[in-house]
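Down below is the structure, laid out as structure tokens.
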Amino acid sequence: MHSLLNQTRVEFLRGDITRQDTEAIVNAANSSLLGGGGVDGAIHRAGGPRILEECKKIRSQHGGCPTGDAVITTGGNLPARYVIHTVGPVWHGGSQNEAMLLRAAYLNSLGLAQENGIISIAFPSISTGAYCYPVKQAAAIAVAAVLEFARPHNQPGLIRFVLFNDRDLAVYQAAWEEAVSSL
Ligand code: APR
């Protein structure tokens, strides 16, 4: 499914983030930037050691990546040229600023893409795996952040949400329909 938002095409599909041929893919990282499981593990496995080397260099210069922030590396052996590593919040029931931090993760990733002239970006479902963020709530925040960023910026040309199963795909598509219908 796709929609046009001014100049930005927004797509939702089921797939593997590491196989996306967008210019950048977003990693659901942790603050250490030293890798992990899920999306993080898949990206480092498929992208090769170069990505971790660049993450370690960022660590040595800036420490890790605070929750809600984003950093960028090359894509190593991935089809994507860049990996934008962002750190989503761990779900603690919703009373610890999780929604604001998840929104920031999407907005900072989009801002970093724009700063680097990146024209297409693919997001996984940030925070909804190991970090236990309820998918429905996370999807609503993700699509709202995309609408907030893409409408005034007219960039990037393509934002793709890559979901790992049909259930999540349906949830994100429904969240998008809901958000667009109330514009
Ligand atoms: N492609 C697309 N989506 C994927 C992939 C993949 N290859 N692998 C997993 N997913 C999905 C999961 O099903 C989940 O819906 O990505 C979503 C995010 O799951 P996680 O990767 O667990 O990310 P998150 O919940 O943000 O937790 C981040 O997990 O792997 C560690 O180092 C990482 O500490 C960090 C934490």
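One is the number of the first residue; the rest follow in order along the sequence. Note that ligands are numbered from 1 as they come in the structure, with each ligand's atoms numbered from 1 the same way. The shown structure was predicted, so the numbers you read here are calculated from the model rather than taken from an experiment.
Summary of contacts: the protein heavy atom closest to atom 17 (C) of ligand 1 is S125 O, 3.3 Å. Nearest protein heavy-atom neighbour of atom 36 (C) of ligand 1: Y131 CE1, 3.4 Å. Atom 7 (N) of ligand 1 has its closest protein heavy atom at D16 OD1, 3.1 Å. Looking only at heavy atoms of the protein, atom 15 (O) of ligand 1 is closest to T128 OG1, 3.1 Å. Scanning the protein for heavy atoms near atom 29 (O) of ligand 1, the closest one is A130 CB, 3.5 Å. A28 CB, 3.6 Å is the protein heavy atom nearest to atom 23 (O) of ligand 1.
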**Study point:** From CA spacing to verdict: side-chain contact (heavy atoms from CB on, under 4.5 Å), T8, F149
**Key:** CA-CA 10 Å; T8 299; F149 186 89; over 6 Å; no
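Under the rule for a side chain to side chain contact (heavy atoms under 4.5 Å, CB included), the partners of I58 that lie at least two apart in sequence or sit in another chain are L33, H62, V71, T73.
Clustering ILVMFWY residues whenever any of their side-chain heavy atoms sit less than 4.5 angstrom apart, transitively, puts I159 in the very cluster that holds L107. Under the 4.5 Å side-chain heavy-atom criterion for grouping Ile, Leu, Val, Met, Phe, Trp and Tyr, L78 is not connected to I72 through any hydrophobic cluster. Under the 4.5 Å side-chain heavy-atom criterion for Ile, Leu, Val, Met, Phe, Trp and Tyr, I121 and L169 are members of the same hydrophobic cluster.
We find that R50 and E54 are joined by a salt bridge, their nearest charged nitrogen and carboxylate oxygen being less than 4.0 Å apart.
Checking only distances, V39 does come within under 3.5 Å of ligand 1, N or O to N or O. Polar contact check, F164 against ligand 1: no nitrogen or oxygen pair lies under 3.5 Å apart. At under 3.5 Å, a nitrogen or oxygen of G129, whether backbone or side chain, sits near a nitrogen or oxygen of ligand 1. Close N/O approach between G37 and ligand 1 is found [any backbone or side-chain N/O within under 3.5 Å]. Inclusion of I17 in the set of residues having an N or O under 3.5 Å from an N or O of ligand 1 is warranted. For D40, a nitrogen or oxygen atom sits less than 3.5 Å from a nitrogen or oxygen atom of ligand 1, counting backbone and side chain alike.
Within the structure, the closest approach of D168 to ligand 1 falls below 4.0 Å when heavy atoms are considered. Distances from ligand 1 to the non-hydrogen atoms of G15 include at least one value under 4.0 Å. Contact between C132 and ligand 1 is absent, with no heavy atom of the residue lying under 4.0 Å from the ligand. For S127, the heavy-atom gap to ligand 1 drops under 4.0 angstrom.
Of all atoms in ligand 1, listed by their number and element, those nearer than 4.0 Å to a heavy atom of G38 are 8 (N), 21 (O), 30 (O). Here is the list of ligand 1 atoms found below 4.0 Å of a heavy atom in G36: 30 (O), 32 (O).
Contact annotation for N165 and ligand 1: no heavy atom of the residue comes within less than 4.0 Å of the ligand.
Evaluated for a side chain to side chain donor-acceptor pair (under 3.5 Å) with H85, the options N27, N30, D69 yield exactly one hit, N27.
Using bins of under 30°, 30° to 60° and over 60° for the plane-to-plane angle, the ring pair Y172/F12 lands in the tilted bin.
Among residues at least two apart or in separate chains, side chain to side chain donor-acceptor pair (under 3.5 Å) pairs with a member in residues 86-108 are R103-E148.
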